[in-house]
Engineer: 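This is the structure I want to talk about, given as structure tokens.
Quick caveat: nothing in here was measured; it's all calculated off a predicted structure. Reminder, nothing fancy here: chain letters follow the sequence lines and each chain counts from 1.
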There are 2 protein chains.
Amino acid sequence: MDNKKTDTEALNQEIINRIKPSMPKKELLYDLSDFFKVMGDSTRIQLLWALEESELCVGELSAILDMTKSAVSHQLKVLRTAKLVRSQKRGKNVYYSLNDEHVQIIVKMALEHVCE
Amino acid sequence: MDNKKTDTEALNQEIINRIKPSMPKKELLYDLSDFFKVMGDSTRIQLLWALEESELCVGELSAILDMTKSAVSHQLKVLRTAKLVRSQKRGKNVYYSLNDEHVQIIVKMALEHVCE
DNA sequence: ATTATATATGAATAGTTGTTCAAATGTCAA
DNA sequence: TTGACATTTGAACAACTATTCATATATAAT
């Protein structure tokens, strides 16, 4: 009897058939990678790092990071859209604070990975 | 006596002076954001996800992800450079496996954030 | 040696992203 | 209202990234 496939390919198929259905669905996949994309910028990490210490307004964050208020505001919008921070207007200022407990733990984990 | 600054700016300076020195150094910052950048791609997340189940070669990964072997190989190189996977040549195949325990925990944490 | 298979690589391209700049909005004080 | 301050926004530009395609390398079998 003629096996259509070479034996290397036969070996593959078994494990492929087992793992392929256990892969995450597209939507979850995008949500996951989008989350990491948001974390994958040094400006945004600095913002989260600072906000871990205290609620801060845009001007203060801009002074702490040594960056334009505009650049900071743009990045805060990204963090807000990702629901990682929340904002609250008080007078002329807009105060930002952390919105998610997971983030601090994830950053800590990443630190352990990076510092080894 | 003449205060050079308005009172809104005076309020700022105190908190800025406290937080600014506690910010992470540039190098750590880049290491951190580089790590998240690597995770911030759905193809690479799929690769890590699959490798969590078993050691796999490029052809198998390419079949599981439904992607070109070339594209998979390119992304595996990124993961290898980031030391998230390691490779081992056996015969004609190159087998990849996870190289870091932190990653699985971090992905799990990110999942919890994303699925709420 | 030649052929087939497995993987890696480089160049090219299309798409995405972060910062800057200028301008708009909103808030308070005089 | 006018002016000063705080923040947001949109457009533009440069830098980066993921995939494709063609090709190169390496291993095994004939």
Engineer: Among dT19(C), dT7(C), dG10(C), which nucleotide has an atom closest to any side-chain atom of A71(A)?
Structural biologist: dT19(C)

Engineer: What's the closest nucleotide to the V58(A) side chain, out of dG18(C), dT7(D), dT27(D)?
Structural biologist: dT7(D)

Engineer: Hey, does the side chain of Y96(A) come within less than 4.0 Å of dA6(D)'s phosphate (OP1/OP2), counting only N and O?
Structural biologist: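 Answer is no, no contact under 4.0 Å.
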
Engineer: Rounded to whole angstroms, how far apart are NZ on K37(B) and P on dA15(D)?
Structural biologist: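 Nearest whole value for this atom pair: 15 Å.
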
Engineer: With a 3.5 Å cut-off and just heavy-atom distances, do the side chain of S70(A) and the base of dC21(C) make a donor-acceptor pair?
Structural biologist: yes

Engineer: Quick check: does any side chain N or O of N12(B) sit under 3.5 Å from a backbone N or O of E60(A), one acting as donor and the other as acceptor?
Structural biologist: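 Not at all, since once roles are kept as given, no pair shorter than 3.5 Å links the two residues.
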
Engineer: Measure from the side chain of Q75(B), starting at C-beta and using heavy atoms only, and say which of dA18(D), dT20(C), dT7(D) lies closest.
Structural biologist: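 Looking only at side-chain atoms, Q75(B) lies closest to dA18(D).
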
Engineer: Locate the shortest heavy-atom distance separating S87(A) from R80(A); write the atom from each residue and the value.
Structural biologist: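 For S87(A) and R80(A), the tightest heavy-atom pair comes out as OG-CD, 3.6 Å.
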
Engineer: With under 30° as parallel and over 60° as perpendicular, where do the rings of F36(A) and F36(B) fit, or are they tilted in between?
Structural biologist: parallel

Engineer: Take the protein atom CG of L61(A) and the nucleotide atom P of dT19(C), then report the distance between them rounded to whole Å.
Structural biologist: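 Taking CG of L61(A) and P of dT19(C), I get 14 Å after rounding.
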
Engineer: Please determine, for the side chain of V94(B), which listed nucleotide (dT17(D), dA18(D), dA8(C)) has the closest atom?
Structural biologist: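 Nearest to the side chain of V94(B) among the choices is dA8(C).
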
Engineer: Under the criterion of centre distance below 5.5 Å and interplanar angle below 30°, is H74(B) classified as stacked on the base of dT19(D)?
Structural biologist: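 Stacking between H74(B) and dT19(D): absent.
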
Engineer: Provide, to the nearest angstrom, the distance between the OH atom belonging to Y95(B) and the C1' atom belonging to dT5(C).
Structural biologist: 13 Å

Engineer: Expressed as a whole number of angstroms, how long is the span from K92(B):NZ to dA8(C):C1'?
Structural biologist: 16 Å

Engineer: OP1 or OP2 of dT7(C) less than 4.0 angstrom from a side-chain nitrogen or oxygen of N93(B), does that happen here?
Structural biologist: yes

Engineer: Need to verify one output field. Residue with the more 5' nearest nucleotide on DNA chain C, R80(B) or S42(A)?
Structural biologist: R80(B)

Engineer: So does R90(B) pair up with E55(B), basic N to acidic O under 4.0 Å?
Structural biologist: yes

Engineer: Classify the angle between the aromatic ring planes of F35(B) and H113(A) as parallel (below 30°), tilted (30 to 60°) or perpendicular (above 60°).
Structural biologist: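 Aromatic pair F35(B)/H113(A) classed tilted.
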
Engineer: When the distance from CD of Q88(A) to P of dT8(D) is rounded to whole Å, what number comes out?
Structural biologist: 13 Å

Engineer: For K69(B) and dA6(C), is the shortest distance between a side-chain N/O and OP1 or OP2 below 4.0 Å?
Structural biologist: yes

Engineer: Select base, sugar-phosphate, or nothing to describe what R44(B) touches, counting heavy atoms under 4.0 Å on all strands.
Structural biologist: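 Contact class for R44(B): sugar-phosphate only.
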
Engineer: Does T68(B) reach a base, just sugar-phosphate, or nothing at all? Heavy atoms under 4.0 Å.
Structural biologist: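 The answer is sugar-phosphate, as T68(B) gets under 4.0 Å only of primed atoms, P, OP1 or OP2.
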
Engineer: Could you please name the option among dT7(D), dT9(D), dA6(C) that lies closest to any side-chain atom of K77(A)?
Structural biologist: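 Ranking dT7(D), dT9(D), dA6(C) by closest atom to the K77(A) side chain puts dT9(D) first.
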
Engineer: In this structure, how many angstroms lie between the P atom of dT17(C) and the CZ atom of F36(B), rounded?
Structural biologist: 18 Å

Engineer: Which nucleotide sits closest to the side chain of S73(A): dT9(C), dT7(D), dA18(D)?
Structural biologist: dT7(D)

Engineer: Given atom CE of M39(A) and atom P of dT17(C), what is their separation to the nearest angstrom?
Structural biologist: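 Between P of dT17(C) and CE of M39(A): 16 Å.
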
Engineer: Please lay out, stage by stage, how L56(A) and I19(B) fare under the test side-chain contact (heavy atoms from CB on, under 4.5 Å).
Structural biologist: CA-CA 10 Å; L56(A) 293 162; I19(B) 294 186; 3.9 Å; yes

Engineer: Write down the distance between CE (M67(B)) and C1' (dT19(D)), rounded to a whole number of angstrom.
Structural biologist: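 Distance, rounded to whole Å: 7 Å.
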
